[in-house]
Amino acid sequence: MARKILITPSILSADFARLQEEVESVEPYADWLQVDVMDGHFVPNLSFGAPVLKSLKTKLPLDVHLMVENPAERIDEFLALKVRHITFHAEVVAGTKARKDLINRIHKGGASAGIALNPETPIDDIADVLADIDLLLVMSVQPGFGGQKFLPEVLSKVRQARKEYPKLMIQMDGGIDATTAKMCIEAGADNLVSGSFIFRSSDRTMAIASLRPS
Ligand code: DX5
């Protein structure tokens, strides 16, 4: 049965001076909307937090990608905004208990839970909690900035995850455009995050359509 492919624009590359308008420009064509929360510690960039998200009005399910050193401190403020999904990074939450506690807190708060892996982090690192998460985010760039080049070596990780967990939602993020999107889908990803490709396009409707399977 063919998996539905979700397209998730990331607002990291949007014009922050017109954020509401920017969100409305993709809303009719996108499935989710990703908010890249960066703390300047886990990644060398600082983006935005819950107060900015609070100011946004959108019908799209909000997908919060926590690129922060201590996600446990951040999740309540996003759960309070009734976001659809929260992803934290395996690299900053060590041990099965800590990971399961965070996943349970996110579930109890009414959101789905995901774990993100940096390009160099193997799938086996989270073997202990893969059965507990709703989404696996396989980064195809080093997190921290939009507009980077896609790293094809991560596709083997996606193939491995898809083989072992046929039902798991597998999201990819970083350098995704009309060409790399096809590679991601072929490898087994079913949720594609794209920032600069969409927001730098003169025709965002066409850009989003070009990410979907033809
Ligand atoms: C990296 C960010 C970016 C962003 C999408 O930390 O997570 O991947 O969402 O960036 P693009 O699509 O511009 O590579």
Side-chain angles (χ1 to χ4, degrees), residues 5-16 19 22-23 25-26 29-49 52-53 56 58 60-71 74 78 83-93 114-121 135-155 157-158 169-185 187 189-212:
I5 305 296
L6 302 182
I7 304 301
T8 303
S10 154
I11 58 175
L12 186 69
S13 298
D15 176 355
F16 290 177
L19 201 47
E22 293 280 80
V23 168
S25 74
V26 298
Y29 318 102
D31 298 295
W32 285 10
L33 190 75
Q34 188 172 87
V35 177
D36 285 309
V37 181
M38 300 177 181
D39 66 358
H41 296 283
F42 175 63
V43 292
N45 194 8
L46 199 54
S47 61
F48 35 61
V52 170
L53 197 52
L56 281 182
T58 180
L60 288 176
L62 292 171
D63 166 8
V64 179
H65 177 192
L66 291 177
M67 286 166 273
V68 300
E69 209 154 66
N70 194 331
R74 301 260 68 90
F78 291 103
V83 298
R84 164 70 70 85
H85 180 82
I86 299 179
T87 292
F88 60 89
H89 269 260
E91 297 83 6
V92 288
V93 183
I115 290 187
L117 300 175
N118 283 347
E120 69 282 0
T121 306
L135 175 150
L136 169 69
L137 168 49
V138 176
M139 292 300 294
S140 35
V141 294
Q142 278 303 327
F145 298 91
Q148 300 180 77
K149 200 168 166 335
F150 182 83
L151 301 171
E153 57 269 28
V154 305
L155 290 168
K157 215 186 297 186
V158 175
M169 180 174 280
I170 300 175
Q171 186 179 57
M172 290 185 74
D173 175 357
I176 295 182
D177 59 22
T179 307
T180 55
K182 289 174 179 46
M183 299 155 74
C184 297
I185 294 169
D190 50 359
N191 186 325
L192 306 182
V193 176
S194 179
S196 50
F197 174 67
I198 293 173
F199 285 101
R200 291 181 191 162
S201 294
S202 52
D203 183 337
R204 293 174 179 176
T205 313
M206 285 297 290
I208 293 172
S210 74
L211 298 174
R212 295 189 187 282

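Every number for a ligand or one of its atoms is a count from 1 in the order of the listing. The first residue in the sequence is number 1, and the count goes up from there.
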Among protein heavy atoms, which lies nearest [atom], and at what distance?
atom	result
atom 9 (O) of ligand 1	Asp36 OD2, 2.7 Å
atom 13 (O) of ligand 1	Ser196 OG, 2.5 Å
atom 12 (O) of ligand 1	Gly195 N, 2.8 Å
atom 14 (O) of ligand 1	Gly175 N, 2.8 Å
atom 8 (O) of ligand 1	Asp173 OD1, 2.4 Å
atom 10 (O) of ligand 1	Gly146 CA, 3.6 Å

Could you say whether the N/O atoms of Gly147 and ligand 1 ever approach to under 3.5 Å? yes
Is the ring pair His65/His89 parallel, tilted or perpendicular, if the boundaries are 30 and 60 degrees? parallel
Contact with ligand 1 for Met38, non-hydrogen, under 4.0 angstrom: yes
Using a strict 4.0 Å cut-off to heavy atoms of [X], name the atoms of ligand 1 that fall inside it.
X	answer
Pro143	1 (C), 6 (O)
His65	7 (O)
Gln34	9 (O)
Ser194	12 (O)

Keeping the roles fixed (side chain from [X], backbone from [Y]), state whether a donor-acceptor pair exists under 3.5 Å.
X	Y	answer
Asn45	Gly144	yes
Asp173	Met139	no
Glu91	Thr121	no
Thr58	Val23	no
Arg84	Asp63	no
Ser47	Asp36	yes
Asp39	Glu69	yes

Quick one: does ligand 1 sit under 4.0 Å from the side chain of Phe197, the backbone, both or neither, non-hydrogen atoms only? neither
Candidate with minimal heavy-atom separation from atom 1 (C) of ligand 1, of Gly174, Gly144, Ser10: Gly144
Could you tell me the separation between the CG atom of Leu192 and the NZ atom of Lys182, rounded to the nearest 0.5 Å? 10.5 Å
